[in-house]
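For reference, the structure discussed in these notes is given below.
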Amino acid sequence: MNEMIRTPRTTMNLGHKQQTRGTELDELVPSRYALKVGDIDVLVVSDGMLSLPTKMLAHDTDPAVRAAWLEDMFLPPEMIDWPLNVVVVRSGGQTILVDAGLGVNPNLPRAGRTAQRLEAAGIDLASVTDVVLTHMHMDHIGGLLVDGMTDRLRPDLRIHVAAAEIEFWATPDFSHTSMPDGFPDALRATANRFLSEYRSQLRPFDEKQEVAPGVVACRTGGHTPGHSVVRLASGADRLTFAGDAVFTVGFDQPEWHNGFEHDPEEAARVRVLLLRELAASGELLVATHLPFPSVGRVAVTGDVFRWVPIIWDY
């Protein structure tokens, strides 16, 4: 993964911009983080931030209880920044993009950076052999719908997604969600457009699919009927990309219902089972909406879970 893990060049802080020799970057904060899982190369890439109402964290909870949790976490009471992460994996000669970010959305202008940040990491989009979608919400598929994207991707690209997810978006049910106005229509329209443009490249699976050596997509359901996680295993090392099965609030309050969950009770059950499994195994966890670089482990005492981020490895 030489293109993905490059030796940093000398940098200089120049006011509001950072310069490298011959290159000027508008960002002062890191947007990619590389690690190894045995022989598998992994790159976590930030697609940016989503600004959403704090009610989305727990629409079924007493507002006063939710407000107390936000205050305890030093978070604002009304709107909150949700990180948005995707992952690139290299194994067995394949380059796999796990989720694709938001793409262009004028209502969420701080996200949609995946394509630019892959390029900044030296990853040619034409080198991507496979895409795995944890589910088909627009912040996971929108990056594939950016103008000109189909021309930059290889014609034999394989897109792996649970068959239950494809079936769900034919007639999606939003009756158990609690989303801001406009979101159901936007999600439905984005999913329909995605299926129209990429249907011939879809590789649906039922419960489990090995995408590359040591890279397995596993359907969990809950968040959406076809929601999946991606499990990496090489030698003694393990990592799970949990998609939207786990949010920051889910460690303290795993039973709270997230506003984007289409089956919140099942989503909570999936979350608790996954967190208990990860706590028992000690393997690494990365998730879509945990703070970048979103790499850590899960600890548990009784019924209380705790997020333990790794030490940043330079």
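Values below: every heavy atom of this structure, side chains too, minus hydrogens, waters and symmetry copies. All residue numbers refer to positions in the sequence shown, counting from 1.
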Is it the case that over 12 heavy atoms from other parts of the model lie below 6.0 angstrom from the [atom1] atom of [X]?
X    : atom1 : answer
D39  : CG    : no
D72  : CG    : yes
Q116 : CD    : yes
D156 : CG    : yes
E210 : CD    : yes

Item to check | Verdict with reasoning, D173 to F168, per side-chain contact (heavy atoms from CB on, under 4.5 Å) | outcome: CA-CA 8 Å; D173 178 10; F168 172 75; 4.2 Å; yes
Compare every heavy atom of [Y] with every heavy atom of [X], then report the nearest pair and how far apart it is.
X    : Y    : result
G226 : A162 : O-CB, 3.3 Å
V286 : P293 : CG1-O, 4.4 Å
M138 : A186 : SD-CB, 3.9 Å
A299 : A279 : C-CB, 4.4 Å
Q201 : P155 : NE2-O, 3.6 Å
A287 : V246 : CB-O, 3.8 Å

Checklist entry - Strictly under 6.0 Å, is that where the ring centroids of F247 and W256 end up? => result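 Distance test on ring centres: not under 6.0 Å, no.
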Item to check | Pair F260 + F183: ring centers closer than 6.0 Å | outcome: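 Yes, the ring of F260 comes within the 6.0 Å limit of the ring of F183, centre to centre.
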Item to check | Verdict with reasoning, D99 to F241, per side-chain contact (heavy atoms from CB on, under 4.5 Å) | outcome: CA-CA 10 Å; D99 287 340; F241 181 75; 3.6 Å; yes
Answer yes or no: is there a donor N or O on one side and an acceptor on the other, between the side chain of [X] and the main chain of [Y], under 3.5 Å?
X    : Y    : answer
T54  : P77  : yes
R297 : G282 : yes
R271 : A245 : yes
S281 : E283 : yes
T248 : L290 : no
E165 : T224 : no
R66  : A58  : yes
D237 : V37  : no
H289 : P83  : yes

How about [X] and [Y]: do any of their side-chain heavy atoms sit closer than 4.5 Å?
X    : Y    : answer
R199 : I166 : yes
T129 : R158 : yes
P225 : E167 : no
R32  : S46  : no
T220 : L274 : no
F194 : I159 : yes
E255 : V272 : yes
V98  : V215 : no

Can you tell me how the ring of [X] sits relative to the ring of [Y], calling it parallel under 30°, perpendicular over 60° and tilted otherwise?
X    : Y    : result
H135 : H140 : tilted
W169 : H262 : perpendicular
W312 : Y33  : perpendicular

How many angstroms lie between atom [atom1] of [X] and atom [atom2] of [Y], to the nearest 0.5 angstrom?
X    : Y    : atom1 : atom2 : value
I40  : R238 : CD1   : CZ    : 9.0 Å
S228 : E207 : OG    : CD    : 8.5 Å
R110 : D47  : CZ    : CG    : 12.5 Å
L275 : W307 : CG    : CH2   : 10.0 Å
H59  : E261 : NE2   : CD    : 7.0 Å
Q253 : W69  : CD    : CH2   : 8.5 Å

Give the cluster check for [X] versus [Y]: same hydrophobic cluster or not, with ILVMFWY residues linked at side-chain heavy-atom distances below 4.5 Å.
X    : Y    : value
V229 : F205 : no
V131 : M136 : yes
M56  : M79  : no
L50  : V45  : yes
F251 : L273 : no

Item to check | side-chain contact (heavy atoms from CB on, under 4.5 Å) between D130 and R203, intermediate numbers included | outcome: CA-CA 10 Å; D130 300 83; R203 301 294 184 269; over 6 Å; no
Item to check | Residue that, paired with V295, satisfies side-chain contact (heavy atoms from CB on, under 4.5 Å) out of N85, L284, D313, V42 | outcome: L284
Checklist entry - What residue among L144, N192, T150 forms side-chain contact (heavy atoms from CB on, under 4.5 Å) with E197? => result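 When L144, N192, T150 are each tested with E197, the side-chain contact (heavy atoms from CB on, under 4.5 Å) holds only for T150.
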Checklist entry - How far apart are the C-alpha atoms of L57 and L70, what are their side-chain angles, what is the distance that settles it, and do they pass the side-chain contact (heavy atoms from CB on, under 4.5 Å) test? => result CA-CA 10 Å; L57 293 172; L70 290 164; 3.8 Å; yes
Donor on one side chain, acceptor on other, [X] and [Y], under 3.5 Å:
X    : Y    : answer
D81  : S51  : yes
R306 : T301 : no
D244 : H227 : no

Next on the checklist: Does this structure show an ion pair linking R276 with D303, if we count only N-O contacts that are shorter than 4.0 Å?
Outcome noted: yes
